[in-house]
K.L.:
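One structure, pasted below without further comment.
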Amino acid sequence: MLRILLAIVFALIAAATTMAYDAQPRQAVSLAGSWVVNAAASDDLDKLVSGLVAKEEKELRRWRQRMEEEDRFSVLDSSPDTPASQHRRAAEDEFKRMIGAANRLEIGQDGAKLEMRSDLDVRRFEAGSSSQVSMRNGDIADSRVGWDGDWFVIDRKVPRGAREVEKLRLISKTGQLEYVVQWSGDTELSGVKLRRIFDKAASDGMPTDPAAGPVR
């Protein structure tokens, strides 16, 4: 009997985790418009990225030490002459791209459909839908998109891998856009959470590259 009850509980939990998000928000709301990040009201992106780079550099130093101990470092180190500062800048840019830390957003909303253009990529969503998409690192993920109360949620999970959850909502008191992204699972970004606030801005026809990053 206990086994049957546990099986039912686990089945209910599994069903809850795979349930689709709503096609409509709790109350009518539009995220449409041009938005620019308010750095003062947002989490410190540079501090977050600096910590990720420092962690990566620490792991690289450990790897180099192991290679030196095994007398294989000179063979495997393919770029010994590249300045450390150049490596750091490249790593910072890559982490910002992976996190999706855009400074500008252009959002179009038509019923259940939402298009989000940024200085990083162009993505199109349909609330209440489930599909498979490419993550920014190229992995294929199961995607669930839609409304959870007042939040528009983009929930992506790579089987036995990384999970990225993005959430957007309109702050009714200020008219600002709140954006939260959180990573978990098997990824170097696991544990990362970033909250950013965007102010309404005049549209200036921000150029974007539709081929860059995920587009669904």
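No hydrogens, no waters, no symmetry mates; every other heavy atom, side chains included, goes into these values.
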K.L.:
Got a salt bridge between E115 and R123, using NZ or NE/NH1/NH2 to carboxylate O under 4.0 Å?
P.N.:
no
K.L.:
Any donor-acceptor pair under 3.5 Å linking the side chain of D22 with the backbone of P25?
P.N.:
no
K.L.:
Going hydrophobic residue to hydrophobic residue with side-chain gaps under 4.5 angstrom, can you get from L48 over to V37?
P.N.:
yes
K.L.:
State the NZ-OG distance between K157 and S143, to the nearest 0.5 angstrom.
P.N.:
13.0 Å
K.L.:
Is the shortest heavy-atom distance from the side chain of L105 to the side chain of R117 under 4.5 Å?
P.N.:
no
K.L.:
Side chain of S190, backbone of G185: donor and acceptor closer than 3.5 Å?
P.N.:
yes
K.L.:
When rounded to the nearest 0.5 angstrom, what distance separates CD in Q176 from CZ in R196?
P.N.:
13.5 Å
K.L.:
Closest heavy-atom contact between A23 and A127?
P.N.:
O-CB, 3.4 Å
K.L.:
If you define the side chain from C-beta out and look only at heavy atoms, does anything of Y21 sit under 4.5 Å from V145?
P.N.:
no
K.L.:
Are E92 and R89 ion-paired here, with the side-chain N under 4.0 Å from a carboxylate O?
P.N.:
no
K.L.:
Listed by chain and number, what are the side chain to side chain contact (heavy atoms under 4.5 Å, CB included) partners of D93, not counting sequence neighbours?
P.N.:
none
K.L.:
Quick check for you: to the nearest 0.5 Å, what is the distance between L177 atom CG and S34 atom OG?
P.N.:
11.5 Å
K.L.:
Would you name the heavy atoms of D142 and Q132 that are closest together and state the gap between them?
P.N.:
OD1-NE2, 3.2 Å
K.L.:
Hydrophobic clusters here meaning ILVMFWY residues chained together by side-chain heavy-atom distances under 4.5 Å, can you tell me if V36 and L168 are in one?
P.N.:
no
K.L.:
Kindly compute the distance separating CD (Q182) from NZ (K193), expressed to the nearest 0.5 Å.
P.N.:
5.0 Å
K.L.:
So which heavy atom on R104 is nearest to which on A202, and how close?
P.N.:
NH2-O, 3.7 Å
K.L.:
Flag the pair E126 and K113 as a salt bridge only when some basic side-chain nitrogen lies within less than 4.0 angstrom of an acidic carboxylate oxygen.
P.N.:
no
K.L.:
Provide the closest heavy-atom pair for F95 versus V53 in the form atom of the first, atom of the second, distance.
P.N.:
CD1-CG2, 3.8 Å
K.L.:
Pair Q109, M116 - check side-chain contact (heavy atoms from CB on, under 4.5 Å), show working.
P.N.:
CA-CA 9 Å; Q109 185 176 335; M116 208 160 56; over 6 Å; no
K.L.:
Which heavy-atom pair separates A141 from V158 by the least distance, and what is that distance?
P.N.:
CB-CG2, 3.8 Å
K.L.:
Check this for me, if you would: do K55 and E188 make a salt bridge, where the nitrogen-to-carboxylate-oxygen distance has to be below 4.0 angstrom?
P.N.:
no
K.L.:
Would you call L194 and V180 a side-chain contact if the rule is heavy atoms closer than 4.5 Å?
P.N.:
no
K.L.:
Output yes when D46 and K96 qualify as a salt bridge under the 4.0 Å nitrogen-oxygen rule, no when they do not.
P.N.:
yes
K.L.:
Salt bridge check, R136 against E164: does any charged N sit closer than 4.0 Å to a carboxylate O?
P.N.:
yes
K.L.:
How far apart are the C-alpha atoms of W35 and D199, what are their side-chain angles, what is the distance that settles it, and do they pass the side-chain contact (heavy atoms from CB on, under 4.5 Å) test?
P.N.:
CA-CA 5 Å; W35 304 92; D199 297 327; 5.8 Å; no
K.L.:
Using a 4.5 Å cut-off on heavy atoms from C-beta on, say whether the side chain of L52 contacts that of L189.
P.N.:
yes
K.L.:
As an exercise, state the distance from CE of M135 to CZ of R156, rounded to the nearest 0.5 Å.
P.N.:
7.0 Å
K.L.:
Nearest 0.5 Å please: distance from the CZ atom of R160 over to the CG atom of D186.
P.N.:
10.5 Å
K.L.:
What ring pair (Phe, Tyr, Trp, His ring centres under 6.0 Å) pairs are there with at least one residue in residues 149-195, not counting sequence neighbours?
P.N.:
W147-F152
K.L.:
Distance-only, no hydrogens or angles: does the S42 side chain make a donor-acceptor pair with backbone N or O of I197 under 3.5 Å?
P.N.:
yes
K.L.:
Dump the intermediate steps for salt bridge (charged side-chain N to carboxylate O under 4.0 Å, His left out) on R195 and D43, then the final yes or no.
P.N.:
CA-CA 6 Å; R195 176 179 178 269; D43 289 345; 5.4 Å; no
K.L.:
If the threshold is 4.0 Å, N to carboxylate O, is there a salt bridge linking K167 and D148?
P.N.:
no
K.L.:
Quick one: closest heavy-atom pair of V192 and I99, and the distance?
P.N.:
CG1-CD1, 4.5 Å
K.L.:
Any salt bridge (Lys or Arg N to Asp or Glu O under 4.0 Å) involving residues 24-33? Give me the pairs, sequence neighbours left out, ordered by first then second residue.
P.N.:
R26-D150
